[in-house]
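Here's the structure, in structure tokens; my notes come after.
Chain naming here is simple, since letters A, B, ... match the order of the sequence lines and numbering starts at 1 in each. Just so it is clear, the values below take in all heavy atoms, side chains as well, and ignore hydrogens, waters and symmetry mates.
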Amino acid sequence: MERDVVQLLVGGSAGSGSIACGTILARALMEMGYYIVGDNEYPSIIRGGHTAYWVRASVKRINEVDEFNDLVVAMDHETFIRHSMEFRESTVFILDSKVVKPPNGVKVIDVPVLKLLREEGMELVVGNSIFSGAVAAAIGIPLDYVHKAIEAQFRGRKSVIEVNSRAAAIGYEYLAQVSIDYDLPRLKPPRPWGPRVLLTGNEAVALGMAKAGVKVYASYPMTPASTILHYLIGISKDKDMAVLQVENEIAAAQIVAGAAWAGVRAATGTSGGGFSLMVETLSMAGMMELPIVIVLAMRPGPSTGMATMSAQQDLLFAVFSGHGEFPRIVVAPIDQYDAYIKVIEAFNLAEKYRVPAIILEDKHLAEGHRSVPVLPEEVAIDRGAVVPYEEAVKLVRNGFEYKPYQVTKTGVSLHISPGVPGLVVRTESSEHDEGGFVTIAPHKASEMYLKRLRKIKYLRKEIEEKYKPLEVHGVKPSEADLLIFTWGSSLQAVVDAMEIVGGELSASVISISYLWPFPRRRFREALMGVKDAITISVEHNALGLLAKLIRMETGFRIAYHLGKVDGRPFRPSPLAEKIIKLAKAVRGVKHGSPR
Amino acid sequence: MERDVVQLLVGGSAGSGSIACGTILARALMEMGYYIVGDNEYPSIIRGGHTAYWVRASVKRINEVDEFNDLVVAMDHETFIRHSMEFRESTVFILDSKVVKPPNGVKVIDVPVLKLLREEGMELVVGNSIFSGAVAAAIGIPLDYVHKAIEAQFRGRKSVIEVNSRAAAIGYEYLAQVSIDYDLPRLKPPRPWGPRVLLTGNEAVALGMAKAGVKVYASYPMTPASTILHYLIGISKDKDMAVLQVENEIAAAQIVAGAAWAGVRAATGTSGGGFSLMVETLSMAGMMELPIVIVLAMRPGPSTGMATMSAQQDLLFAVFSGHGEFPRIVVAPIDQYDAYIKVIEAFNLAEKYRVPAIILEDKHLAEGHRSVPVLPEEVAIDRGAVVPYEEAVKLVRNGFEYKPYQVTKTGVSLHISPGVPGLVVRTESSEHDEGGFVTIAPHKASEMYLKRLRKIKYLRKEIEEKYKPLEVHGVKPSEADLLIFTWGSSLQAVVDAMEIVGGELSASVISISYLWPFPRRRFREALMGVKDAITISVEHNALGLLAKLIRMETGFRIAYHLGKVDGRPFRPSPLAEKIIKLAKAVRGVKHGSPR
Amino acid sequence: MVVPVKQPVAVTKRTITWCPGCGNFSILSAFIDAVNDLGLEPWKVVVVSGIGCSGKIANYTPFNGAHVIHGRVIPFAMGVKLVNPELVVVGFSGDGDAYAIGIEHLPHAIRRNIDVKLIVHNNKVFGLTTGQASPTSDKGMITRTTPWGNIEEPINPIAMAISLGASFVARGFSGDTGHLKYLFKEALRHKGFSLIDVLQPCVTYDRVHTYQWYRERIYRLEDAGHDPVNFNEALKKAYEWGDRIPIGLFYRVRKPTFEEVLPVTSEGPPLVVRPISSRTIRDLLVKNHGLTLD
Amino acid sequence: MVVPVKQPVAVTKRTITWCPGCGNFSILSAFIDAVNDLGLEPWKVVVVSGIGCSGKIANYTPFNGAHVIHGRVIPFAMGVKLVNPELVVVGFSGDGDAYAIGIEHLPHAIRRNIDVKLIVHNNKVFGLTTGQASPTSDKGMITRTTPWGNIEEPINPIAMAISLGASFVARGFSGDTGHLKYLFKEALRHKGFSLIDVLQPCVTYDRVHTYQWYRERIYRLEDAGHDPVNFNEALKKAYEWGDRIPIGLFYRVRKPTFEEVLPVTSEGPPLVVRPISSRTIRDLLVKNHGLTLD
Ligand SMILES: Cc1ncc(C[n+]2csc(CCOP(=O)(O)OP(=O)(O)O)c2C)c(N)n1
Ligand SMILES: Cc1ncc(C[n+]2csc(CCOP(=O)(O)OP(=O)(O)O)c2C)c(N)n1
Ligand code: SF4
Ligand code: SF4
Ligand SMILES: [Mg+2]
Ligand SMILES: [Mg+2]
């Protein structure tokens with residue numbers, strides 16, 4: 001039977017190549033023209049433990065991987081234990097029964113991978129590609145697409161490509177000749193989507209940085225931010241970027257601050273623990289008015305927490321960390337495409353207002369896959385208050401009296417970096433006058449403090465008027481019985497969940513991406529005329545941090561919170577169920593008959 | 001003419017001894033039985049620059065130093081420039097006209113300090129004590145009290161006491177024999193207050209730590225927290241405390257965490273910049289459930305800001321810093337006496353709930369003086385969930401199965417530290433099971449995460465029911481036309497300002513000291529039945545951080561904010577003026593005739 | 001690898017999640033053996049470990065264990081030791097943990113000579129975060145973050161520790177468990193801050209410094225007649241690296257430890273068992289704040 | 001002191017707020033003179049200073065100035081240098097700044113050999129915070145935080161830097177401004193990370209290490225025929241302290257600097273003037289993400 005949507009799961013121990021296998025299938029399906037969402041899960045273990053990769057492919061736009069898998073590659077026994085809630089009767093398992101004993105009564109396609117490898121004289125390490133080939137044959141991916149995907153996956157490494165392609169062919173052929181009794185999940189022919197690329201959030205962030213013109217990226221590895229560093233190192237030579245792994249996160253942030261002061265776009269990336277160490281520098285950037293950009297890729301805390309899992313627990317930390325009051329930008333992209341765009345916007349805004357910016361990602365976005373339209377090459381790069389070197393030279397030659405912290409109506413001062421003939425410039429972490437010299441004179445100090453804070457108003461206004469700080473999905477809020485508030489990648493599961501909830505409730509989803517300065521006016525406008533609706537925040541945390549922020553900033557009270565703290569992202573079906581249950585409990589809504 | 005209140009100012013360059021001079025006068029006045037408030041201001045400079053010390057002495061309870069000085073010791077010319085707004089016609093200046101030229105038309109008592117020193121063969125360094133003596137004679141402090149105060153000031157250093165006492169006597173005698181044309185501010189005889197001590201906030205904090213039983217205090221110096229370290233080192237031998245200056249704030253916080261795990265009460269102190277570096281450890285303490293106590297003594301930021309000035313800018317930073325969600329206590333004492341009490345309470349609560357606690361002080365409280373009743377020796381010390389060593393030994397001997405992270409109704413688990421025969425204990429910064437071993441199992445991880453957060457509810461309840469999380473001054477909120485919200489030491493100026501505002505407005509002041517978990521119920525109860533009053537938050541910051549927190553936690557919107565960001569604490573008179581002006585603007589309130 | 005690895009189980013009943021063949025296994029066994037050989041009771045031993053493959057050891061040792069955050073083994077361990085000097089406090093770090101993010105604590109622990117032992121699993125890479133360069137990565141070494149070869153000089157922890165005046169400095173090798181156990185025992189017997197840098201092959205991310213590679217180069221200082229009381233000789237040996245790599249005890253000297261010198265811990269029972277109920281402040285008010293008692 | 005001090009005014013028209021007689025004055029003047037002697041244009045020089053009495057220097061030098069946070073002189077300076085290697089980047093730290101809170105950056109700057117000079121105002125105390133002990137306080141020294149004498153060994157920054165492989169290591173003395181200027185000039189001429197530790201009497205908080213105290217002990221390595229290319233000799237000299245204290249250039253070696261080796265900075269104009277408008281990502285989508293262009 002042909003379907004709109006198919007979901008695959010590849011499970012195996014760390015080092016089994018389950019994630020590579022899944023990614024290759026995702027890639028092949030995307031190349032065929034399906035809409036793809038991919039998610040992975042792995043432990044903080046290099047070999048052993050259990051890893052999983054989910055691919056959901058569809059002829060229509062989909063947003064999130066869901067609970068149930070149609071086809072499962074089981075490379076280890078754990079696959080049956082850990083994912084027991086993700087199977088239904090129709091689920092088909094592909095496995096080598098010499099390696100894994102399936103539970104009774106499930107639909108199994110036995111692929112003798114070990115035997116095939118032995119016969120072909122191939123190493124265990126390519127066993128996963130035999131599975132890729134087998135899955136391709138099972139669900140109808142032409143072998144060609146698998147080959148192409150393998151090429152993309154192992155790009156440049158010729159012998160690896162070769163042997164994996166051979167393995168895939170073997171798996172494909174094996175499966176093509178066995179007879180299978182049960183229905184295999186096969187997709188309807190794809191619709192034309194136009195060219196697409198498969199990206200993780202971190203790849204999109206790195207590409208955004210490349211596009212934005214980042215010249216210095218300094219970082220200390222930390223999951224789930226490390227892959228930004230890895231990616232940027234790979235392109236550093238081609239793209240004129242100094243990409244550095246340094247001794248700790250303090251050094252990373254300070255190098256970025258020094259580079260920003262010296263005139264370039266500079267960024268760093270980390271997770272909560274490393275961000276903690278950057279907080280002092282964040283405050284310094286607030287005082288020195290340096291547009292540093294920090295990617296805060298969230299994982300569950302507190303502390304080391306679950307290093308390889310996903311969460312949205314650091315929103316208020318991002319918004320309020322740092323001593324003293326100073327403006328900052330906090331923006332949380334909702335998907336991979338958005339990550340590219342928001343990184344570029346963050347740099348433009350940071351440099352226009354001379355404030356630090358934080359890009360809030362969660363691991364699910366950072367490392368999850370999505371097929372997105374080709375990222376645009378034509379985007380506005382606006383260096384705002386940064387005076388280009390040549391222009392600065394001219395200005396100074398013509399006698400321009402430059403004050404690095406000139407008091408202005410908007411609070412923004414022009415920035416000239418050191419190195420201009422005839423000009424010396426200054427920056428200062430203590431309270432300072434317009435020239436950048438220390439002051440404790442009460443009036444001057446107040447004036448400068450308020451100068452900096454004045455930017456908030458203009459920044460907020462710009463975001464509200466020229467950017468898209470929030471998005472509304474579903475019916476108009478004023479017509480909704482149910483209002484759901486969310487942010488970051490959680491939006492994806494919410495949107496799919498609302499599809500499932502369907503006609504039962506007329507629902508509106510409000511997703512906020514520019515979280516600080518909070519877009520109060522846009523929020524109020526969006527909620528204009530709302531009825532006495534059920535309000536729920538759906539966030540990947542326990543306390544409902546967005547709900548808290550909204551209340552603080554607008555007074556609007558969100559009555560319920562659906563959170564999650566097991567490190568696993570929301571899946572649409574269970575989420576939909578919870579929403580329905582909650583709505584019923586609140587309003588006594590009956591299936592099919594909303595009040 | 002005799003008065004209820006007199007205010008003195010001693011101004012001079014750093015190193016002039018102006019602060020010592022002022023403190024000696026404050027001490028003498030306290031010994032006489034007056035109620036004392038003292039404040040100081042100094043630059044981040046060791047010699048030179050300008051320093052000031054204000055003493056306000058009264059026969060009645062007063063709360064804050066005010067704007068106008070009755071008597072001024074001017075040891076430098078800057079005294080006239082920096083404090084020009086603090087003089088009125090009646091202000092009398094004591095100075096050596098060979099050193100300082102007073103402006104025309106002010107009332108001057110010329111004390112030839114240089115000449116007197118030369119005649120007596122004394123060094124310049126004791127010139128300030130000549131002034132102390134002169135002031136004593138001028139306002140009627142018996143010389144004996146000055147001598148006693150000098151002894152207390154320089155305790156133990158015999159020759160220093162001797163020479164300063166001599167200098168004071170010389171100043172006293174000199175002034176006693178000159179004839180003065182104008183009215184000198186003299187105080188009415190004091191009322192009996194009972195025994196009192198003059199304390200700074202940091203002295204009170206240190207005494208609180210001594211009383212609470214702190215065994216380890218590790219810190220890296222940072223104004224305005226350093227004096228806690230200095231004080232504790234001084235008493236470390238007598239009080240069984242390991243008091244350490246270490247390499248940085250990270251080490252300080254970690255040593256404290258290690259000590260807390262190993263079974264003792266341990267604390268550190270710092271200001272915003274150093275606190276930033278402790279944030280990662282704070283989150284670790286959240287995960288490991290360690291009752292570390294951090295004193296965050298605030299100064300103006302961002303960044304280095306104004307290192308020696310005062311501010312209340314770090315409230316939301318204290319409340320939301322650290323990655324992941326975890327319970328913590330944030331408590332801000334309102335005065336020196338309260339600081340002693342709150343430190344002890346913080347330890348009791350932290351150990352009862354196994355959560356970290358932050359004591360939020362501002363520099364004004366940390367380094368300002370106040371005459372307070374003798375600190376009580378009898379206070380409850382409750383080690384809560386900490387099993388005493390002897391008891392642990394017995395329990396284990398009797399076969400007690402100990403789980404360091406046992407799941408309980410309140411979320412609190414018993415704590416046994418390492419070193420008990422037959423028992424090994426564990427702690428873990430990653431998500432862990434009840435035994436303290438790493439886990440990423442989704443159900444276990446959720447269970448443990450929620451176990452920790454469950455404490456918030458019980459902690460809040462305990463604070464609301466057994467502690468005093470907030471105080472109301474003035475009329476009942478339900479009867480007030482004006483509601484003022486404040487926290488920390490700003491309360492003091494507010495209370496005096498309301499005295500000044502007097503009958504013009506019926507006002508209520510709500511001061512919140514337990515800021516997190518926010519005492520929602522007590523707040524709501526306090527505001528029960530409020531009219532359509534003017535609501536103002538008075539905080540030593542720009543954005544109204546308490547107002548934000550209140551709105552987030554209760555939905556209550558405070559309409560106006562009176563802030564201050566010049567690093568100087570509020571003074572009652574100008575604050576009263578601003579409040580009246582604001583009230584008028586809002587309601588058209590006329591002097592003497594509230595609507 | 002389609003066949004799942006069978007992972008060993010530690011005495012703590014936890015699955016050991018290191019890669020098969022990892023150099024961490026012998027550190028674990030040598031340490032447990034050393035403790036047992038010395039007859040130390042498990043409840044007297046405290047293991048403090050950082051974050052990294054190395055840091056997992058706290059979950060596998062049958063002793064008190066604190067698995068703290070990345071880079072902070074030393075100060076946390078110091079807090080424990082101060083409070084209860086009767087405990088034997090041993091830190092376990094990775095080369096990233098000890099020499100990158102946590103390097104600031106090393107010179108200061110050495111200055112203080114606090115009686116904490118630090119065992120560094122030096123595998124020349126960040127293992128747990130998937131093979132980035134570390135401060136001990138060789139120049140030219142290819143890692144995930146140095147695709148064209150590392151351009152930084154590696155740090156020399158042995159030379160650094162000796163030159164800073166550490167009282168016990170040794171290097172072990174995961175491929176020589178017997179010798180490792182001997183070093184651990186010596187360190188456990190030593191009073192004072194002890195650094196034991198262990199050359200620990202990472203079989204997954206470092207294909208150069210294999211057991212074989214080390215075996216071809218390594219010799220024992222003990223076999224070479226090195227005298228660990230000779231500071232200058234020790235420092236000279238510290239710079240030996242290449243065709244011949246010394247392992248063993250480079251330097252040892254008995255100096256007073258921090259706990260022995262700090263007045264409050266230098267005598268009396270451990271702080272943790274001293275009563276707090278009798279603490280008074282009235283005396284302080286009298287002494288420091290001029291309170292007169294009548 | 002009832003007579004206010006007359007405070008000098010810097011060339012930047014700012015009142016200099018150091019105590020009269022402070023050792024910082026000669027560091028300031030020697031540095032300005034060194035820059036002028038070498039004919040360096042002020043706008044080419046960048047001063048990065050930390051927090052402390054020492055850190056105030058950025059307000060007094062007529063060069064580009066960044067007065068950063070406590071302990072972070074090195075990484076901030078590194079960011080500046082990377083972006084514009086044509087600038088001469090000089091850091092100024094206190095002994096607390098460089099050897100306490102900021103010590104972690106030192107070994108790594110040395111490993112990288114980034115061309116940044118670090119001048120440490122080593123006054124053996126935390127000056128600005130009113131005289132606490134610092135990592136260079138002598139054992140037994142009485143300070144605000146060591147009322148019964150310091151119990152920790154002082155750190156030896158010269159030995160540490162040399163042993164870690166620093167390419168330029170020198171010690172100056174505030175009481176010998178001429179020699180100080182000479183050292184600064186040598187450092188400014190040197191390509192690579194340079195540490196100049198300056199013995200700087202704090203006349204307010206250190207009554208022991210006065211100018212006199214130093215003068216009685218100090219001698220110049222240059223006068224003693226010390227050869228700064230000799231690593232072992234340099235290290236030996238580094239441990240000399242007591243009756244005789246060497247100042248001067250201990251060690252110098254020319255090694256490639258970080259900017260010279262890092263591919264992106266090793267050739268071409270400074271990053272800061274390279275255009276960003278021409279950056280493309282389409283090529284990356286093709287190369288790395290399998291985008292096929294038709
Ligand atoms: C503050 C902080 N930054 C980064 C990380 C991420 N992280 C975990 S382990 C590690 C490095 C591991 O290397 P190493 O210390 O050598 O240990 P190994 O895994 O090699 O044993 C890093 C960077 C972290 N946990 N915390
Ligand atoms: C993170 C942080 N911690 C502490 C401080 C407080 N502080 C300012 S300067 C200083 C030490 C000064 O000593 P040093 O570096 O030797 O400089 P000096 O004043 O002696 O020149 C300290 C601890 C700070 N500014 N920031
Ligand atoms: S990655 Fe390396 S260090 Fe980590 S467990 Fe595997 S072999 Fe050992
Ligand atoms: S305190 Fe010491 S270092 Fe600071 S300015 Fe005064 S003399 Fe110089
Ligand atoms: Mg390692
Ligand atoms: Mg110093």
| message | At a 4.5 Å cut-off on heavy atoms, which part of D/Ile74 comes close to chain A: side chain, backbone, both, or neither? | response | neither
| Short N-O contact, A/Asp240 and A/Lys215, less than 4.0 angstrom | no
| For D/Ala58, is it the side chain, the backbone, both, or neither that has a heavy atom closer than 4.5 Å to a heavy atom of chain A? | backbone
| query | Under a 4.5 Å heavy-atom cut-off, does chain A meet the side chain of D/Pro42, its backbone, both or neither? | reply | both
| Under 4.0 Å between a Lys/Arg side-chain N and an Asp/Glu carboxylate O for A/Asp433 and A/Lys444? | no
| remark: The interface call for D/Ser49 against chain A, heavy-atom contacts under 4.5 Å, is neither
| query | Do we see a donor-acceptor contact under 3.5 Å between the side chains of D/Asn288 and A/Arg155? | reply | yes
| said: Please classify the contact of D/Arg14 with chain A as side chain, backbone, both or neither, using a heavy-atom distance under 4.5 Å. | reply: side chain
| task | Measure distances from D/Leu82 to the heavy atoms of chain A and classify the residue's part below 4.5 Å as side chain, backbone, both or neither. | result | side chain
| task | Answer with side chain, backbone, both or neither: which region of D/Arg111 has an atom nearer than 4.5 Å to a non-hydrogen atom of chain A? | result | neither
| said: Closer than 4.0 angstrom, basic N to acidic O: yes or no for D/Asp97 and D/Arg72? | reply: no
| query | Checking heavy atoms, do the side chain of D/Ile69, its backbone, both or neither come under 4.5 Å from chain A? | reply | both
| Side chain, backbone, both or neither: which part of D/Lys56 has a heavy atom under 4.5 Å from chain A? | neither
| request: Determine the option with the most heavy-atom pairs under 4.5 angstrom with chain A, choosing from D/Val83, D/Val264, D/Ile281, D/Val80. | output: D/Ile281
| remark: If one checks every heavy atom of D/Leu262 against chain A at 4.5 Å, the contacting part turns out to be side chain
| Which atoms of D/Pro62 approach chain A - backbone, side chain, both or neither, heavy atom under 4.5 Å | backbone
| said: What residues of residues 279-287 of chain A make heavy-atom contacts with chain D at a cutoff under 4.5 angstrom? | reply: A/Glu280, A/Thr281, A/Met284
| Looking at the rings of D/Phe193 and D/Phe258, which for Trp means the six-membered one, are their centres under 6.0 Å apart? | no
| note | Whatever's closer than 4.5 Å to a heavy atom in chain A on D/Glu41 counts as neither
| query | If you measure from the Lys or Arg side-chain nitrogens to the Asp or Glu carboxylate oxygens, is any gap between A/Glu247 and D/Arg112 under 4.0 Å? | reply | yes
| field | Polar side chain donor-acceptor pair, D/Asn113 to D/Ser167, under 3.5 angstrom | value | yes
| query | Sequence neighbours excluded, which residues qualify as side chain to side chain donor-acceptor pair (under 3.5 Å) partners of A/Lys403? | reply | none
| Do A/Thr227 and A/Asn202 have a side chain donor and acceptor closer than 3.5 Å? | yes
| request: Could you verify whether a donor N or O on one side chain and an acceptor N or O on the other, from D/Thr280 and A/Lys239, lie under 3.5 Å apart? | output: yes
| For D/Asn59, is it the side chain, the backbone, both or neither that has a heavy atom under 4.5 Å from a heavy atom of chain A? | both
| field | chain A contact via D/Val46 - side chain, backbone, both or neither, heavy atoms under 4.5 Å | value | side chain
| Are the aromatic ring centres of D/His289 and A/Tyr231 under 6.0 angstrom apart? | yes
